[in-house]
Every structure is written in C-alpha cells, then in structure tokens.
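None of the values given here were measured: they were computed from a predicted structure.
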Amino acid sequence: METAREYIVPIKEIHCYDDMKKWEKSEASREYLGFILAMNEAVKGKKISDVPIKSEMVSKLIKLLETLDKWIDEIPPIEQPQRFGNKAFRTFYTKLKEEAESLLKNILPEELHPGIVELNVYLTESVGNSTRIDYGTGHELSFAMLLCCLFKLGVLKQEESDQVILHVFDRYLTLMRKLQVTYRMEPAGSHGVWSLDDYQFLPFIWGSSQLIGNRRLEPRSFPEEEIAEIYAKDYMFMGCIKFINKVKTGPFSEHSNQLWNISGVPLWEKVNSGLIKMYKNEVLCKFPVMQHVLFGSLLPIKLHEPTELQ
C-alpha cells in the first residue's frame, strides 16, 4: 500500500483545446487507458454468474452503492412543471457530497484516509451534474477513475479485477439507471441516434469483451428484444440493450443507429477493438468531455516520463 504521498483535492486542468496535449501525454492518460485495457482483458469470455464475489473490498463497494440506491427511495422526485431534470436530484447530490467522506472512511483502511480528499471527488462526480441534472460518459469516467485509484492504492488487487467490473461496476450501472429514470436526467453533451448510447460507454467495451468466444450469441442477435432480456443478467452489453429497449420506443435501427451498425460486425473481437478505438476518439480525445475531468496526485496531469524499458 502507498503511504508516502501528498494527496491534493483534484482540480480541472483542461481549460482550452491546447490543454488536450497535456492530457494526451500525461501520466493520468497512460494509467487510465491502461486500466481500461486491463479490465477489458480480465473479463474476457466471462459471464457475471461465472465470477463469485470473494473480495471483501468488492463487497464493501457494492454495499456503498446499495446505500446510495436507498437514498433514491428516501428522496422521491418532486412535482414540477418541466418533464426532465427533476430538482430532487439536487437533494440526492448534496447528500452524497456531504457524506462521501464518511462513506469512504467506512470501507478504507485508516492509513489511506488522507487519500479520501481525492477519492470522494471522483465518487461525487460519478453520479451526474447537479446544476444541469444530466449524466454522461464524463461522469461514468469519474467512477472508472475512482476504481483505477483504488487499484493504484492497493485497496483493490489485480486478481480481483473481474469481480470489480462484473459486480461493482455492474452495480454502479444499476444505480445510474435508477437515478436516470427516477429524476429524469438529461443525457450530457451530444447524444441521440449518432452516438453509441445516451448515457454509458464502458459497459459496451467490457460487455463485448465478456462475449468474445461466445458461439451462441453473435453480434447480429443483440438488437432482438428477447435476446437482451434473456442474457441481461449475465452480460453487461445485453443489460445495456435491455435498458435501451425499456426507455426507448420505435425501431432499434432508428433510436440506436450506431449500435444497429455495430450489430453488423461479424465477431465480438472486432466489436470490442472497434469500441476501444471509438472510446479513445469520441471520449478521451474530446475537449467537451475532458474539460470536466479532475486531476490530483493519484491521476496526475504531469508529463509521463518513459523509463528506459519502454
């Protein structure tokens, strides 16, 4: 476990398009992308039910997310004239901001409590924006950064990677769907038929990795409603499709055009590698997303210095 580190409150570092160069060459960029790819490898070919929860920290993180889930029940949407962006979300968000530190103190070893000054920011940012009452890939990225930091601190172990994604991250998705539906949250940034999904991206990457080598489920079958319904519990990708089918109406090819196109790709390996490339280009290289990302000591914006071995 790390001890000799000076923790700092994460702040915005990308203020203009030129700052994107700093991000692309940074330690944070390298570590975050490395995390995405390592998790992608860890869940390859695995169903959720294939991976039992053995890690104490995984159980604690799931309990934390379950606590947030209960708060939604305790903070019902309010009566308001506008259809979207229920203002009760601001009450939920404020509660999380106030209690994030104690939630994390309950699950982290005492010697890492100084690091909560960084971790609680990623946790709070991961549920959406309280001003606009919206949620998108930047907020999802914040939760992934939280997990990445927990690995870096040694709280999560490499051999637990599949449990972290298939149980903790999957539980996060369930929480976010409940938040989106309950408070009628707007999708953040550009969205609609030309994007992959209104809200999420990572479960399509890791979910397609789960399906690599699956001979029963081919990419062409996922737009079928009953297929998504049957396999949603075991595959994150199918869980996403099930949710899309629940909240959208009309032909799949119209409301989710990009996904419809992906269903034409013959192999899950190709789907997976294509989605990783798309994530780099459409999320990690896009100023409108990255301008909101926060950097501290765990994921620093400083220039990555290659070692002689690299």
Side-chain angles (χ1 to χ4, degrees), residues 32 36 39 65 68-69 71-72 77 82-90 92-93 96 122-147 165-166 168-208 210 222-223 225 228 232 235-250 252 254-263 271 275-276 278-284 286 288-293:
Y32 180 72
I36 298 297
M39 297 303 108
L65 294 168
L68 304 193
D69 198 299
W71 291 357
I72 303 172
Q82 68 268 38
R83 190 173 159 213
F84 289 98
N86 195 282
K87 291 188 175 73
F89 174 72
R90 290 178 182 155
F92 172 90
Y93 184 88
L96 177 56
Y122 292 123
L123 176 60
T124 309
E125 289 289 316
S126 74
V127 299
N129 182 282
S130 64
T131 309
R132 297 185 301 270
I133 313 180
D134 67 6
Y135 173 88
T137 47
H139 305 106
E140 175 191 71
L141 188 148
S142 191
F143 190 76
M145 282 185 154
L146 172 67
L147 296 177
I165 299 310
L166 300 182
V168 179
F169 188 77
D170 190 60
R171 185 63 186 85
Y172 166 72
L173 292 175
T174 306
L175 173 72
M176 289 321 307
R177 286 168 190 149
K178 188 170 174 178
L179 276 171
Q180 289 152 25
V181 171
T182 305
Y183 301 125
R184 303 303 302 268
M185 297 177 79
E186 295 266 25
S190 59
H191 61 277
V193 292
W194 304 114
S195 73
L196 185 67
D197 177 69
D198 283 353
Y199 296 107
Q200 311 293 158
F201 202 119
L202 290 174
F204 291 99
I205 294 177
W206 294 329
S208 59
Q210 281 185 278
F222 76 72
E225 208 161 321
Y235 297 101
M236 279 191 292
F237 196 105
M238 297 302 177
C240 290
I241 302 300
K242 180 184 173 181
F243 182 66
I244 289 169
N245 287 332
K246 179 183 157 189
V247 297
K248 295 193 174 185
T249 55
F252 192 91
E254 287 178 20
H255 64 60
S256 300
N257 185 263
Q258 189 79 266
L259 283 166
W260 176 256
N261 292 338
I262 287 169
S263 72
V271 172
L275 286 171
I276 290 168
M278 189 178 170
Y279 187 66
K280 287 180 192 170
N281 294 337
E282 299 302 321
V283 178
L284 301 184
K286 285 288 191 285
V289 177
M290 298 310 301
Q291 66 176 327
H292 301 295
V293 175

Point to revise | Shortest non-hydrogen contact between Ile36 and Trp206, atoms and distance | key: O-NE1, 3.1 Å
Practice item. Answer whether the closest heavy-atom distance between the side chains of Asn129 and His292 falls below 4.5 Å. Key: no
**Study point:** Worked check of side-chain contact (heavy atoms from CB on, under 4.5 Å) between Asp197 and Phe243
**Key:** CA-CA 11 Å; Asp197 177 69; Phe243 182 66; 6.0 Å; no
Mind listing the side-chain donor-acceptor pairs of residues 175-182 below 3.5 Å, one per line with the distance, residues two or more places apart or on another chain?
from, atom 1, to, atom 2, distance (Å)
Lys178, NZ, Asp69, OD1, 2.4
Lys178, NZ, Asp73, OD1, 3.0
Lys178, NZ, Asp73, OD2, 3.4
Gln180, NE2, Met176, O, 3.3
Thr182, OG1, Lys178, O, 2.6

Revision key, fill the gap. Rounded to the nearest 0.5 angstrom, the OG1-OH distance for Thr137 and Tyr279 is 7.0 Å
Check your understanding: Are any of the side-chain heavy atoms of Asp198 and Tyr135 separated by less than 4.5 Å?
Key -> no
Exercise for review: Anything under 30° is parallel, anything over 60° is perpendicular, the rest tilted; go ahead and classify Phe89 against Tyr93.
Suggested key: tilted
Practice item. Given side-chain contact (heavy atoms from CB on, under 4.5 Å), test Leu147 with Tyr122 step by step and report yes or no. Key: CA-CA 9 Å; Leu147 296 177; Tyr122 292 123; over 6 Å; no
Practice item. Determine the minimum heavy-atom distance between Ser263 and Pro223, stating which atoms define it. Key: CB-CG, 3.6 Å
Exercise for review: Report yes if the side chains of Leu259 and Ile244 come closer than 4.5 Å at any heavy-atom pair, otherwise no.
Suggested key: yes
Exercise for review: Give a yes or no on whether the backbone of Asp170 and the side-chain of Thr174 come within a donor-acceptor separation of less than 3.5 Å.
Suggested key: yes
Point to revise | Stepwise side-chain contact (heavy atoms from CB on, under 4.5 Å) test for Phe204 and Val271 | key: CA-CA 9 Å; Phe204 291 99; Val271 172; over 6 Å; no
Exercise for review: Answer yes or no: is there a donor N or O on one side and an acceptor on the other, between the side chain of Trp260 and the main chain of His255, under 3.5 Å?
Suggested key: no
Review point. Is Ile262 close to Leu275 at the side-chain level, that is, under 4.5 Å between some pair of heavy atoms?
Key: yes
Point to revise | Trp71 atom CH2, neighbour heavy-atom count above 12 within 6.0 Å | key: yes
Practice item. Using atom types as modelled and distance alone, determine if a side-chain donor or acceptor of Gln200 lies under 3.5 Å from a backbone N or O of Leu173. Key: no
Check your understanding: If every non-hydrogen atom of Tyr172 is compared with every non-hydrogen atom of Glu140, which pair is closest and at what distance?
Key -> OH-CA, 3.5 Å
Check your understanding: Can you check whether Asn86's main-chain N or O pairs, donor with acceptor, with Arg184's side chain at less than 3.5 Å?
Key -> no
Exercise for review: Keeping the roles fixed (side chain from Tyr199, backbone from Met185), state whether a donor-acceptor pair exists under 3.5 Å.
Suggested key: yes
Review point. Mind checking what makes salt bridge (Lys or Arg N to Asp or Glu O under 4.0 Å) contact with Asp134, not counting sequence neighbours?
Key: Arg132
**Study point:** Lys242 versus Ala228, closest heavy-atom pair with distance
**Key:** N-CB, 3.9 Å
Revision key, fill the gap. Minimal heavy-atom distance between Glu125 and Ser142, with the atoms involved, is CB-OG, 3.2 Å
Review point. Would a distance-only check, ignoring hydrogens and angles, find a side-chain to backbone donor-acceptor pair under 3.5 Å from Glu186 to Phe84?
Key: no
Check your understanding: Rounded to the nearest 0.5 Å, how far does CG of Leu166 lie from OH of Tyr235?
Key -> 10.5 Å
Check your understanding: So, for Leu96 and Leu123, which heavy atoms are closest and what is the spacing to 0.1 Å?
Key -> CD2-O, 4.0 Å
Check your understanding: Any idea how Phe222 and Phe237 line up, ring-wise: parallel (<30°), tilted (30 to 60°), or perpendicular (>60°)?
Key -> perpendicular
Point to revise | Gap separating the CD1 atom of Ile133 from the CZ atom of Arg90, nearest 0.5 angstrom | key: 4.0 Å
Check your understanding: Should Met278 and Phe201 be marked as a side-chain contact (heavy atoms from CB on, under 4.5 Å) after you check the CA-CA gap, both sets of side-chain angles, and the distance that decides it?
Key -> CA-CA 10 Å; Met278 189 178 170; Phe201 202 119; 3.9 Å; yes
Review point. Any side-chain heavy atom of Ile165 within less than 4.5 Å of one from Leu202?
Key: no
